[in-house]
Amino acid sequence: MKCLTISLILVLSLFTQTSGFRCKMEPIVLVHGGAGDIPDSRVPLKIAGVKKAASLGYKILRNGGSVLDAVEEAVKSMEDDEAFNAGYGSVLNLDGEVEMDASIMIGANLNSGAVTVVKDIAHPITLARLVMEKTPHVLLAGVGANRFAKDQGVPTVPPGSLVSKYATEALEDFKEHGDNRTEIGDVGTVGAVAIDSKGRLAAATSTGGINGKMVGRSSDTSMIGSGTYADDDVGAVSTTGHGESIARYCLAHTIIYEIKNGSSANVATSKALKGMTAKLHNTAGAITISKSGGLGIDFTSRRMAWAYQIKDEIHFGIEHGQHTKEKAGN
Ligand code: ASP
């Protein structure tokens, strides 16, 4: 009898490992609003923005939408929000222009799409999704990406309309004082990761880059494996912080690698961030969901806004060690 029970357990566990069968998972959309030296005056705006984005994404999942729809919707809401460095409110390049990057990935088949150095598009994340769905490519850049947007009927906004007052002041400040800070001052790259009840994963990230960057600079956010990664067999990650360091360290994929090697989402996220900061002396943050629904939220910067909703409860934070819960609105 004992022998029969053990054999049954063995057969069942083999079946779940090889057949792709997964237990029912609690759907989650986890978002971030950028890691860095966020000034006190910007904290309430960032918290309100991440809570709204997490809630919107969660609603999509609850109403039967896909993880891809959920991460896109969450990111779009932060692209519209001036409090974040993505879409409207993006930081400016040295010529005072907004040039944006975004990427998106599906864990089921590793399909991914990205855009870099795009102008005058309100939702670069939607354009990244179209690159994934409508082209044979992973990444489109600059004029080519903007031409593709036009072909796809993605509306463009008038030149200069994504430039906010705050971003203009930040560039003036940069030109006057230079950037000798170790943390990125004007931050707010946005990202989202999601898991549905069947364990399907997706990730998305969008940014205006770094204040005072050279014209034409591409960021980690447009690079699959650095800014964004999702694999249903492992987990989903979105990163933020010093882009050149994140790119050199392939931060998103390093977190995936740690999970593959047996770490929880939480440990993998912290370990990779600490490793990057120790080696490259710059800061970053990341959000992670593992295939089993474990969460990782950490940053080596001073602050990073994050939020997620589970059932009717919103969880959020921005300081190290902060984890606040409250009842979600509907
Ligand atoms: N990683 C972004 C970049 O370097 C900035 C950020 O996440 O705040 O463009």
Side-chain angles (χ1 to χ4, degrees), residues 31-39 42 45-46 49-50 53 75 78-79 81-87 89-94 97-103 114-119 124-125 128 139 141 162 164 166-167 170-171 174 179 181-193 203-229 237-255 269 272-273 276-277 280-287 297-306 318:
V31 309
H32 72 74
D37 194 8
I38 299 162
R42 304 279 282 174
L45 296 172
K46 303 257 186 209
V50 289
V75 166
M78 292 184 281
E79 286 176 336
D81 188 335
E82 192 196 338
F84 300 103
N85 170 19
S90 286
V91 297
L92 307 179
N93 66 19
L94 281 171
E97 297 166 324
V98 166
E99 289 182 330
M100 300 163 292
D101 299 349
S103 59
V115 289
T116 186
V117 199
V118 285
K119 289 182 182 177
I125 199 64
L139 173 62
L162 298 175
S164 69
Y166 185 81
L171 183 64
F174 174 84
D179 192 2
R181 295 164 289 196
T182 51
E183 301 215 40
I184 310 159
D186 307 286
V187 297
T189 289
V190 302
V193 287
T205 316
S206 180
T207 192
I210 289 183
N211 184 30
K213 64 188 178 178
M214 289 174 70
V215 174
R217 179 243 188 201
S218 277
S219 78
D220 57 304
T221 302
S222 62
M223 300 172 196
I224 295 298
S226 295
T228 302
Y229 207 81
V237 182
S238 169
T239 70
T240 167
H242 187 259
E244 280 66 17
S245 302
I246 294 172
R248 286 178 188 125
Y249 208 71
C250 297
L251 183 60
H253 201 270
T254 300
I255 295 172
T269 305
L273 284 165
M276 188 207 94
T277 295
L280 299 170
H281 313 295
N282 276 303
T283 60
I287 53 171
I297 304 165
D298 204 359
F299 44 101
T300 50
S301 53
R302 181 173 164 223
R303 286 173 165 148
M304 181 183 81
W306 60 268
I318 192 164

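In each ligand, atom 1 is the first atom listed, and ligand 1 is the first ligand listed. One-based numbering along the sequence shown. Just so we're clear, the structure is a prediction, and the values are computed from it rather than from any experiment.
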Among I246, T239, T300, T283, which one satisfies side chain to side chain contact (heavy atoms under 4.5 Å, CB included) with L273? T300

I'd like to check I210 versus R217 (side-chain heavy atoms, cut-off strictly below 4.5 Å). Are they in contact?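 Yes; the side chains approach each other to less than 4.5 Å.
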
Atom indices of ligand 1, in the order listed, that fall short of 4.0 Å to a heavy atom of [X]:
| X | result |
| --- | --- |
| S219 | 3 (C), 9 (O) |
| T189 | 2 (C), 5 (C), 6 (C), 7 (O), 8 (O) |
| D220 | 1 (N), 2 (C), 3 (C), 4 (O), 9 (O) |
| T240 | 6 (C), 7 (O), 8 (O) |

What about G188: any of its N or O atoms under 3.5 Å from an N or O on ligand 1?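 Between G188 and ligand 1, no N or O pair is found under 3.5 Å apart.
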
Under the side-chain contact (heavy atoms from CB on, under 4.5 Å) criterion, do S103 and M223 qualify, and how do the steps go? CA-CA 7 Å; S103 59; M223 300 172 196; over 6 Å; no

Quick check: closest heavy atoms across M304 and G285, and the distance to 0.1 Å? SD-CA, 3.8 Å

Is the Lys NZ or Arg CZ of R42 less than 6.0 Å from the centre of Y166's six-membered ring, within 45° of the axis?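 Relative to the ring axis of Y166, which defines the angle, R42 lies inside both limits.
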
May I ask whether R217 has any heavy atom positioned less than 4.0 angstrom from an atom of ligand 1?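 Distance cut 4.0 Å: R217 passes for ligand 1.
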
Using heavy atoms and a 4.0 Å limit, tell me yes or no: is G241 in contact with ligand 1?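 Right, G241 reaches ligand 1.
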
Give a yes or no on whether the backbone of I125 and the side-chain of E79 come within a donor-acceptor separation of less than 3.5 Å. yes

